[in-house]
Amino acid sequence: MASLKLVPVFVVLLAGSAFAQSYGIGHAASQAELAQDITISPTGANLPVGHGNAAEGKVLYVEKGCEGCHGENAAGGATAAPGLVAKKGPTEGDAWARGGIAVRSPVATILWDFIHRGMPLGNEGTLAPNEVYALTAYLLAANKIIPENQTLDQNNLAKVKMPIGDDWKRAPDWKPNSPRIPASLLKMPK
Amino acid sequence: MDPKSKSRRELLKGGAAAVGAVAAGAVGTAALAQTKVAVAGSGLPTYAENEAPMIATDDDLVAYGTRSHYVTSKRVPAIMNGYSRSSPDEFGLTFHIATPLQDSYGSIQASSLHYTATTKGAFIPDIDPAKHTLMINGLVDKPRVFTMADLKRFPSVSRFHFIECNSNSHSATDKNVQSSHGLTSNAEWTGVLLSTLFKEVGVKKEANWFVAEGAEEIKGASTMPMSKAMADVMVAYGMNGEPLRPQQGFPVRLIVPGFEGIFNTKWLRHIKAVDQYQLNMDDYGHLNRSTLGAAMIYQIGPKSIITFPSGGQKLPDKGWYEITGLAWSGQAAVKKVEVSTDNGKTWKLAELKGTAHPMAHVRFGTMFNWQGGEHLILSRTTDAIGQVQPGRDELAKALGVPVTPAWRPPGNNNTIMKWKINADGSVTNGLA
């Protein structure tokens, strides 16, 4: 990570004279405009205040039409939309083999963000924070990741221990003019 | 005949000729009359009998123009991994639409034919540019909001860049180049560098990443490295000399040169500087178990494809043809392209048609004298940082995985494609 921090500094030095230029174009973001920021951090920062549990989520799963695409009990099979409960149980195989977004997300905030931004199809952006917490809790409980009776909120969502843990990798740090595949990852350099 | 077209004489009847009867026309008319006499005397068809029908100009043709009705090349819904999802689908959503590379000339696509894709099927937002804004906040000194008019006040850049979908992958089942490679296109983009906007808002030194978010119904969001933002990312409002089209993100989109298509956020409404990889909705699609897999799903490698002769086309006769195609790389400009007409046994350097720009398609061509018989034709490119487009077996070996018929390269498939010229001149998939 140390090398990553050096990259912006390096670029800024290259940019040289243009660095300090400010044109005064645009306007300062107002509180109302800043409230449009729906990006949440994997630390849980910027999550809206709210709470929900699996029982509430199970009702919403039917009410909001999730079942129509993702199948009864989130098992899939209704349409091309994926099932949301892993076919294999929590003790069978590793998280990658079990599959499904609830199992394969390194942090529960991804699941929350996906529902919040992308669901339900055709009515995106209509779910209230409490509803998103409840649906997230329903899917995590259905995959035996949290207990049925746990209430999720802005403080504990990012702390849920996900099955995949640290078993995922980011792409290598990006630098201009560096190859797509770092030489260190090639078994047989050209 | 197109209903709009009429014979030249029909058009001129009804007074047009009288209106045009000006002194300046007299010399031309006399010359034409002499030519007609000469042709008539030779027994050849007269000029008048040869003339094509004419297109009457109407207000639409004056305002925006149109292509010839003889040109019927069109985009089609993409077939990906054998799975075709129609566009429009039953709800009117757009998914992935492939460009007809087999009919393209030069190095850019017409805006009307540029491939288009949405993350998981989307309606195309009909955004009023007068109301659209882009907010930049997060780890910055001065969170600011820019209108479209604001963005156009900044120093602009115009650059050629390709965009390519990660799923643009060829296999033995592709019948033509639109199916095998039609999810990439190249255009001239105009806009302001994201680095210019980040300097305006004062990005903090701990901001190692940024999130870009679109205004479509799912508000798709991806996380990208700040080093990329400061190198060459563009906030683009122009495409091939006019405003972006709605399918390309009107009124403003991100161009992230060489990165997989999804990063090139359309209908851009929000950029946030952050201190760590955010794991937003669209980042889920990039989760990978290995660093290698993550690297290969991030950027497009050096890649080339022969567009003529390609699958579904036919060489009508023996003789000379120009083998031509497109080459590009996600990390640099194309340095050279080689073409083989003997399944890779020998290679010949092709001519690059004009300047090869960084992270942009460039047209290549080389002459070929076809004397009948079967030929497997291939192209491979080398980019300016020395990356060579690999063959499929070659890539598998380099990655240390067994070469099996089922093996698919991780991420975007940039391996060498083969077309087969058959003895009758027909062209088919050379991998089949």
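These figures come from a predicted structure and were not determined experimentally. Naming convention: chains lettered A, B, ... in sequence-line order (proteins, then strands); numbering from 1 in each chain.
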Item to check | chain A contact via B:A295 - side chain, backbone, both or neither, heavy atoms under 4.5 Å | outcome: both

Checklist entry - Do A:R180 and B:N412 have side chains that get closer than 4.5 Å, going by heavy atoms? => result yes

Checklist entry - Can you tell me how far CD of A:E124 sits from CD1 of B:I218, rounded to the nearest 0.5 angstrom? => result 7.5 Å

Checklist entry - Tell me the side chain to side chain donor-acceptor pair (under 3.5 Å) pairs involving residues 138-151 of chain B, sequence neighbours left out? => result B:D141-B:K204, B:T147-B:D150

Checklist entry - To the nearest 0.5 Å, how far apart are CG in A:D113 and CD in B:Q278? => result 9.0 Å

Checklist entry - Applying ring-ring contact (aromatic ring centres under 6.0 Å, His included), which residue pairs with at least one partner in residues 125-155 of chain A are found, sequence neighbours left out? => result A:Y61-A:Y138, A:W112-A:Y133

Next on the checklist: Need one label for A:D166: side chain, backbone, both or neither, based on atoms under 4.5 Å from any heavy atom in chain B.
Outcome noted: neither

Item to check | Side-chain touch A:Y23/B:E200, heavy atoms, less than 4.5 angstrom | outcome: yes

Item to check | Segment of B:M296 engaging chain A (4.5 angstrom heavy-atom cut-off) | outcome: both

Item to check | Proximity breakdown for A:I115 and chain B, heavy-atom pairs closer than 4.5 Å | outcome: neither

Checklist entry - Between A:N123 and chain B, which part of the residue has a heavy atom less than 4.5 Å away: side chain, backbone, both or neither? => result neither

Checklist outcome for this item: Within residues 28-41 of chain A, contacts to chain B at heavy-atom distances under 4.5 Å involve A:A28, A:A29, A:E33, A:L34, A:Q36, A:D37, A:I38, A:T39, A:I40, A:S41

Item to check | Residues forming a ring-ring contact (aromatic ring centres under 6.0 Å, His included) with B:Y298, sequence neighbours excluded | outcome: B:F259, B:F263

Next on the checklist: If you apply the rule side-chain contact (heavy atoms from CB on, under 4.5 Å), what do you find for A:H116 with B:K219, and how did you get there?
Outcome noted: CA-CA 9 Å; A:H116 186 225; B:K219 307 286 178 288; over 6 Å; no

Checklist entry - Hey, does A:P42 have a side-chain heavy atom less than 4.5 Å from the side chain of B:Y277? => result no

Item to check | Which portion of B:F123 sits near chain A, non-hydrogen atoms under 4.5 angstrom | outcome: neither

Item to check | Portion of B:V274 that has a non-hydrogen atom of chain A nearer than 4.5 angstrom | outcome: neither

Checklist outcome for this item: Among A:L111, A:I110, A:L121, A:L185, the residue with the most heavy-atom pairs under 4.5 Å to chain B is A:I110

Checklist entry - Relative to chain A, which segment of B:I136 carries a heavy atom at a distance below 4.5 Å: side chain, backbone, both, or neither? => result neither

Checklist entry - Taking C-beta and beyond as the side chain, do B:M224 and A:W174 meet within less than 4.5 Å on heavy atoms? => result no

Item to check | Contacting region of B:P302 [heavy-atom separation from chain A under 4.5 Å] | outcome: neither

Checklist entry - Less than 4.5 Å apart, any side-chain heavy atom of A:I25 and any of B:K152? => result no

Checklist outcome for this item: Ranked by heavy-atom pairs below 4.5 Å to chain B, first place among A:P182, A:G24, A:G122 goes to A:G24

Checklist entry - What closest approach, in Å, do B:L287 and A:W168 show between heavy atoms, and which atom pair accounts for it? => result CD2-CE3, 3.6 Å

Checklist outcome for this item: Rounded to the nearest 0.5 Å, the CZ atom of A:F114 sits from the CG atom of B:D282 at a distance of 7.5 Å

Checklist entry - Are any of the side-chain heavy atoms of B:F146 and A:H27 separated by less than 4.5 Å? => result no

Item to check | Structural part of B:P410 lying under 4.5 Å from a heavy atom of chain A | outcome: backbone

Checklist entry - Under a 4.5 Å cut-off applied to non-hydrogen side-chain atoms, are A:R170 and B:T291 in contact? => result no

Next on the checklist: What part of B:Q276 gets within 4.5 angstrom of chain A, counting heavy atoms only: side chain, backbone, both, or neither?
Outcome noted: side chain

Checklist entry - Heavy-atom distance under 4.5 Å to chain A: side chain of B:I385, backbone, both or neither? => result side chain

Checklist entry - CG of A:L186 to CG of B:L292: how many Å apart, nearest 0.5 Å? => result 7.5 Å

Next on the checklist: side-chain contact (heavy atoms from CB on, under 4.5 Å), that's the test. Do A:I181 and B:Q387 meet it? Break it down for me.
Outcome noted: CA-CA 9 Å; A:I181 310 173; B:Q387 296 185 108; 6.0 Å; no

Checklist outcome for this item: So, the part of B:N137 with a heavy atom under 4.5 Å from chain A: the answer is side chain

Checklist outcome for this item: Closest non-hydrogen contact found for A:P176 with B:A231 is CG-CB, 4.1 Å

Next on the checklist: Atom CD of residue position A:E72 - does it have more than 12 heavy atoms of other residues, nucleotides or ligands inside 6.0 Å?
Outcome noted: no

Checklist entry - Any side-chain heavy atom of B:Q331 sitting closer than 4.5 Å to one from A:P179? => result no

